[in-house]
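Reading through the structure tokens given below for one structure.
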Amino acid sequence: MSTTAGAEATGREENNAALITALRMKTPGGGEPGRELEIVNDTERDRWIAVLGADGIGELTYRFVGGRVVLLPARVDAATRACAPPRCTGS
């Protein structure tokens, strides 16, 4: 079974959208206005960026290899990592 580049790209975009939707269901920030987690797909640099409020708190770089997504090491802001539950309960 062969696929076209366009079909592959469409499939990737659909998968990205599904992943972002799933991640938004588990939003940190305690429901505070302006403190919702947003996942931004930076396609120019092949990475997802986690933004909490106005702050970029982490990123995950990826590559496409043979029709699959390969996840590379993630970077998480040190202050955010230090304040991960259950160590930190509020802002």
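Treat the numbers as computed from the prediction; the structure is a model and nothing was measured. We use all heavy atoms of the structure for the numbers below, so side chains are in, but hydrogens, waters and symmetry mates are not.
By the ring pair (Phe, Tyr, Trp, His ring centres under 6.0 Å) test, Y62 is found to be paired with W48, F64, residues two or more places apart in sequence or in another chain being considered. Taking R45 as the reference, D42 meet the salt bridge (Lys or Arg N to Asp or Glu O under 4.0 Å) condition, with sequence neighbours excluded.
Summarising the geometry, atom CD1 belonging to I49 is positioned 9.0 Å from atom CG belonging to N41; distances are rounded to the nearest 0.5 Å. To the nearest 0.5 angstrom, D46 atom CG is 11.0 Å from L60 atom CG.
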When the side chains of residues 70-79 are checked against the rest of the protein, which donor-acceptor pairs come out under 3.5 Å, sequence neighbours left out?
residue: D77; atom: OD2; partner: A79; partner atom: N; Å: 3.4
residue: D77; atom: OD2; partner: T80; partner atom: N; Å: 3.3
residue: D77; atom: OD2; partner: T80; partner atom: OG1; Å: 3.3

